[in-house]
Structures are given as structure tokens and as C-alpha cells.
Amino acid sequence: MSNGNSGGGSIMIQRIAYACGTFGHDIFYMMLGSYFMIFVTSNLFNSPDVEGKANDAYMIGIVTTIILVLRVGELLIDPFIGNTIDKTKTRWGKFKPWVLVGGVVGAVCLALLFTDFGGMAASNPTGYLIAFAVVYLIMDVFYSAKDVAIWSMIPALSFDSREREITATYARIGSVFGAQLVTVMVMPIVLHFSNNENGGAGDPTGWLAFACIGGALSVLGAVILGIGTKEQESELRENKEETKFSDVFKILAQNDQLLWVAFMYLIYGLGINTINNLNLHYFIYVLGDSTQFSFLGIINVIIGLLAVALFPVLTKQFSRRKLFFASIAIMLVGIGIYSVAGKSVSMTLLGAGLFALPQPLVFLCVLLTITDCVEYGQLKMGHRDEALVLCVRPLIDKLSGALTSAVVGFTAVWVGMVSGATADTITPENLTHFKMIMFGAPVVFLIVATFLYRAKVTLTEEEHARIVKELEEKWADMNK
């Protein structure tokens with residue numbers, strides 16, 4: 001049996017190529033998850049009169065609802081996407097074709113979404129909504145295929161938990177750098193290409209330029225991953241029979257550890273995404289200076305890369321469970337500082353930075369636990385489903401992202417943070433409502449997620465090592 005570790009040089013090249021792929025992928029994810037709604041609320045609908053403003057709010061609500069319905073409905077498709085990827089057989093492996101095709105189609109669709117479809121948003125609102133729904137659905141399906149494929153590659157590279165941690169660390173370094181690069185560059189790019197700064201929120205020309213640049217980087221990362229990685233061969237990856245479409249949900253339902261991790265991660269995701277997706281609103285409409293947002297990105301790049309680089313050392317010293325609990329504690333302290341920062345730039349950056357610091361560590365703890373659920377399910381059910389199991393993590397990300405995008409859209413309308421608004425026009429009452437949503441709700445979600453993790457998630461590194469050993473013995477007996 002081979003884990004595929006054929007040489008230090010080739011392993012390093014593969015890790016770097018994989019990190020380039022996740023770098024581009026998280027650029028796309030941040031553009032879609034954290035900044036698309038600010039484009040919708042601040043630029044897409046911009047009527048000059050009072051009657052038109054009411055219609056703008058209505059259209060923002062419709063677009064937000066379309067996104068929510070499509071993303072929640074598309075969740076039913078994701079397991080079948082994972083199952084289809086598991087069945088894919090090409091000379092390039094089963095993952096890379098989906099990463100490349102998904103990257104190109106997703107980037108083109110995202111660029112279209114950062115437009116008003118040639119003025120249709122104003123001249124033909126119904127036509128715009130139909131076109132928006134079609135393009136968004138296409139984008140979401142191909143993005144899902146890429147997301148499932150790119151993160152499903154980890155168990156195909158090694159069966160050793162320690163080696164998976166190293167590979168995942170490289171991948172997360174790439175993704176953290178990509179995600180935070182967007183935070184650093186979003187407003188400089190948008191404002192540079194905008195003809196009208198629009199109170200610090202930029203104009204449609206600037207946002208389109210931002211989408212095109214980010215989409216191109218996403219595709220470049222996918223190409224590098226495709227060239228520089230190679231799936232490893234192992235007897236444990238060879239199923240005797242393929243999982244039928246009719247068995248997809250049964251396979252997932254029988255993997256109890258996967259379900260508990262997924263449920264916990266959903267609650268956690270609702271907490272962090274609410275704050276992450278409202279960060280730019282805070283800088284524009286509370287702090288009153290969107291140019292300071294780039295400094296948050298720079299801080300997050302530095303601390304995020306440092307945190308991820310230390311992940312293998314931290315897990316070796318403290319275990320994933322202890323690291324998870326410590327990370328949640330730091331995030332809660334960060335939320336507390338952020339919530340009382342007001343218009344203080346230094347307090348805002350300190351609180352937001354502390355909140356962001358442990359997020360890559362929690363992501364890795366969850367990702368590696370879900371990855372280990374591949375062998376857990378294989379031992380329990382006698383069948384291996386890599387992409388099907390790994391599709392659960394992006395599925396949960398999309399569900400929490402969809403729900404929090406809806407929260408962002410409706411909150412922005414509720415508290416008056418829409419096109420034409422400034423920090424001076426937000427009333428104290430609306431500011432209180434905004435902070436309740438941005439800070440109060442996430443604290444509750446994070447505490448609930450922590451209790452779920454402590455009570456129900458029992459698949460540790462030691463337990464996974466025992467499972468792999470037992471699997472190897474069983475597979476060896478079957479192939480005698």
C-alpha cells in the first residue's frame with residue numbers, strides 16, 4: 001500500500017501548487033460571500049427620489065431572497081455533485097477537471113453578476129431578476145463542483161493524519177492569503193476604477209473591475225493546481241462498487257460523526273459569517289472611513305498566515321480539541337472589543353483582528369475532522385466516499401453563507417445602510433439594531449457551537465489512527 005510520498009521535492013511542489021489553487025479559490029469565495037452583497041445594497045439599485053428608494057429596498061429584498069432560495073435549494077444537489085466526482089475517471093484524476101472547469105465558468109458568471117446586465121436592473125426589473133437567477137444558479141453549481149473537488153483532494157494525498165495536517169496547512173496558508181488579499185485590495189481597486197466614490201462605497205465600474213481581477217486570479221490558481229498536483233494510488237481508495245445515487249443520503253446519514261461535525265460547523269458558520277459579511281458595512285457606515293478597511297486586511301494576512309503556519313505545532317502540542325476551544329475563547333474576546341469600539345480606528349482594528357485570528361485554525365480543525373470521517377465511514381459501512389463526505393464542508397459553508405447573506409441584505413435595508421447613506425445619516429436607534437445583529441447574535445451561535453463540539457464530536461487524531469490501522473488490516477485480508 002502506498003501513501004504516495006515519492007520524494008521531498010515533488011511533495012513540496014505539490015503542496016505549493018495545491019496552495020495556489022486554494023489561494024485563487026478563496027479569492028472567489030470572499031468576493032462572493034463577503035462583498036457581493038455590499039455591491040447589491042450600495043450600487044445595484046440607486047434611485048434618486050424617495051419613491052424610487054422604496055423600490056430599491058424592495059428589489060434588494062427580492063435579490064436577497066433569490067440568493068437564499070437558490071443556495072438552500074442547491075444544497076440538495078451538492079451530495080450528488082460529490083457522488084459524481086467520486087465516479088469520475090480521467091487521465092488527470094477525478095478532481096482536477098472539476099477544479100479547472102468550475103474555476104473558469106464560475107469566474108465568468110461572477111463577473112456578470114457584478115453588473116446590472118446592461119441596464120436591465122432599471123429598465124426591465126423582471127427581466128433582470130430572471131437573468132440574475134439563471135446566472136447565479138449556473139455560477140453556484142460550478143462553484144460547488146470546484147469547491148468539493150479542491151478540498152476533497154486531501155484524503156487522496158495521504159492516509160496519515162499528520163501528513164494531512166501539513167498538506168492542509170499549506171492549503172490554508174494559500175486560502176488565508178487569498179481571502180485577506182481581497183480584504184486588503186477590495187476598496188483600493190473599487191475606488192481606483194470608480195468614477196464616483198459614492199460615499200466610500202464606489203460605483204458599478206469599480207465593482208466590475210474588482211470582479212474581473214479577482215476572477216482572473218481564481219482561474220490562474222486552478223490552472224497551477226491542475227499542473228502541479230497528482231493524486232496518489234492506494235488499495236484503500238479502490239471501492240469494490242460505486243455508490244448509487246439512491247444511496248447518497250443514506251451514506252451520509254449513517255456517518256454520525258460527520259453529521260455532528262456538520263451541525264456544529266453550521267451553527268459556528270452563522271456566527272462568524274454574520275460578522276465577516278457586515279465588516280465593510282461597519283467601516284463605511286459606523287466608522288465612516290472605508291479606506292481603513294484595507295488595514296484590517298493587512299492585519300488579517302499577517303496574523304492569519306502566522307496562525308496557520310503554527311497549526312501543526314499547536315495540534316502536536318495541544319490536540320485539535322484544545323485548539324478549537326482556545327480559538328473560540330479568543331474570538332469572543334475580539335467580539336467584545338469590536339462591539340464597543342465605536343468610531344475608534346485602533347479599537348476597531350484590534351477587535352476585528354482578534355476575532356479573525358483563530359478562524360483559520362478552527363477551519364483546519366473542522367476540515368481535518370471531516371477528512372478523517374472518510375475512513376470512519378469506510379470502516380463503519382465498508383465503503384469509501386471521499387468527495388461525497390468532503391462535500392459536506394462546502395455545503396455547510398454555502399448554507400451558512402446564504403443565510404447570513406440574507407441577514408446582511410435585510411439588515412442593511414432595516415437600518416438604512418443602502419445607496420446614498422453615510423455614517424452621519426445612521427440614527428442611534430438603527431446603530432443599536434445593527435450592533436445587535438452584528439455582535440449579539442454571533443456570540444450566542446459560537447457558544448452553542450462550542451457545547452455541541454464538546455459533547456458530540458469524538459473523532460480525535462488517536463481514534464483516526466486506530467481506524468486506519470484496522471482498515472489496512474481488513475483490506476490486506478480481502479486482497480490476499
For the pair Asn255 (side chain) and Cys373 (backbone), establish whether a donor and an acceptor sit closer than 3.5 Å, ignoring hydrogens and angles. yes
Flag, side chain of Ser294 to backbone of Val184, donor-acceptor distance under 3.5 Å: yes
Ser175 side, atom OG; Ile27 side, atom CD1 - distance, nearest 0.5 Å: 10.5 Å
CZ of Phe142: more than 12 outside heavy atoms within 6.0 angstrom? no
Give the C-alpha distance, both sets of side-chain angles, the deciding distance and a yes or no for side-chain contact (heavy atoms from CB on, under 4.5 Å) between Tyr453 and Arg321. CA-CA 8 Å; Tyr453 185 85; Arg321 290 181 68 82; 3.8 Å; yes
Main-chain N/O of Ala149 paired to Lys94 side chain as donor or acceptor, under 3.5 Å: no
Residues which pass ring pair (Phe, Tyr, Trp, His ring centres under 6.0 Å) with Phe23, listed by chain and number, not counting sequence neighbours: Phe177
Quick one, Asp256 and Lys380 - any side-chain contact, counting heavy atoms below 4.5 Å? yes
Out of the candidates Leu306, Ile299, Val301, only one should pair with Ile303 under the side-chain contact (heavy atoms from CB on, under 4.5 Å) rule; please name it. Ile299
Under 6.0 Å between ring centres, would you say that holds for Tyr170 and Tyr18? no
Between CG of Leu137 and CG of Leu70, what distance do you get to the nearest 0.5 Å? 5.5 Å
Would a 4.5 Å heavy-atom cut-off, applied to side chains only, mark Ile302 and Gln180 as touching? no
Nearest heavy atoms of Trp98 and Ala145, plus distance in Å: CE3-CB, 3.7 Å
Side chains of Phe311 and Leu323: closer than 4.5 Å at any heavy-atom pair? yes
For the residue pair Thr169 and Arg172, confirm or rule out a side-chain donor-acceptor distance under 3.5 Å. no
Report, as yes or no, whether the 6.0 Å neighbourhood of atom CZ on Phe410 holds more than 12 heavy atoms from other residues, nucleotides or ligands. yes
With heavy-atom distances below 4.5 Å as the criterion, would you say the side chains of Thr64 and Met37 are in contact? yes
Identify which one of Val362, Thr315, Leu459 satisfies the side-chain contact (heavy atoms from CB on, under 4.5 Å) criterion when paired with Arg320. Thr315
Plane angle bin for Tyr29 and Tyr143 - parallel if under 30°, tilted between 30 and 60°, otherwise perpendicular: parallel
Taking atom CZ of Phe36 and atom CG of Leu113, what is their separation to the nearest 0.5 Å? 5.0 Å
Could you walk me through whether Met438 and Tyr338 satisfy the side-chain contact (heavy atoms from CB on, under 4.5 Å) test, starting with their C-alpha distance in whole Å, then the side-chain angles of each, then the deciding distance to 0.1 Å, before giving a yes or no? CA-CA 10 Å; Met438 184 172 181; Tyr338 200 173; 3.5 Å; yes
Least distance between heavy atoms, Ala211 atom then Ala111 atom: CB-CA, 4.1 Å
Would you please say whether a donor-acceptor pair under 3.5 Å links the side chains of Lys146 and Ser218? yes
Just wondering, do Phe355 and Leu332 contact through their side chains at under 4.5 Å, heavy atoms? no
Shortest non-hydrogen pair, Val389 vs Ile370, comes out as CG1-O, 3.7 Å
Given Phe263 and Ile396, is the side-chain contact (heavy atoms from CB on, under 4.5 Å) satisfied, shown in steps? CA-CA 8 Å; Phe263 185 47; Ile396 296 301; over 6 Å; no
Show your working on side-chain contact (heavy atoms from CB on, under 4.5 Å) between Phe293 and Asn279 and close with a plain yes or no. CA-CA 8 Å; Phe293 193 63; Asn279 273 333; 3.8 Å; yes
For the backbone of Thr458 and the side chain of Gln257, can you confirm whether one donor and one acceptor N or O come within less than 3.5 Å of each other? yes
Mind checking whether Trp414 and His433 have parallel, tilted or perpendicular rings, split at 30° and 60°? parallel
Basic-acidic side-chain contact under 4.0 Å: Arg466, Glu462: no
Separation between CD1 (Ile328) and CZ (Arg454), nearest 0.5 Å, reads 14.5 Å
Indicate yes or no: at least one non-hydrogen side-chain atom of Leu354 is less than 4.5 angstrom from one of Ile335. no
Taken to the nearest 0.5 Å, the spacing of Ile67 CD1 from Ile62 CD1 works out to 12.0 Å
Side-chain heavy-atom pair Leu379, Glu375 within 4.5 angstrom cut-off: no
Nearest heavy-atom neighbours spanning Ile150 and Thr22: CD1-N, 3.9 Å
Check the surroundings of atom CZ in Phe325: do more than 12 heavy atoms from other residues, nucleotides or ligands lie under 6.0 Å from it? yes
Could you measure the distance from the CG atom of Leu225 to the OG1 atom of Thr229? Nearest 0.5 Å is fine. 4.0 Å
Over 60° means perpendicular and under 30° means parallel, so tell me whether Tyr265 and Tyr268 are parallel, tilted or perpendicular. parallel
Considering only heavy atoms from C-beta outward, does the side chain of Val407 approach that of Ile437 to under 4.5 Å? yes
Are side-chain N/O atoms of Asn276 and Gln359 paired as donor and acceptor at under 3.5 Å? yes
Shortest non-hydrogen separation from Phe445 to Ile267 and the atoms involved: O-CG2, 3.2 Å
At their closest point, which heavy atom of Gly269 faces which heavy atom of Ser400, and how far apart are they? C-CB, 3.8 Å
Test salt bridge (Lys or Arg N to Asp or Glu O under 4.0 Å) applied to Arg393 - qualifying residues, sequence neighbours left out: Asp147, Asp397
Sorted by chain and residue number, the side chain to side chain donor-acceptor pair (under 3.5 Å) partners of Tyr35 (sequence neighbours excluded) come out as Thr183
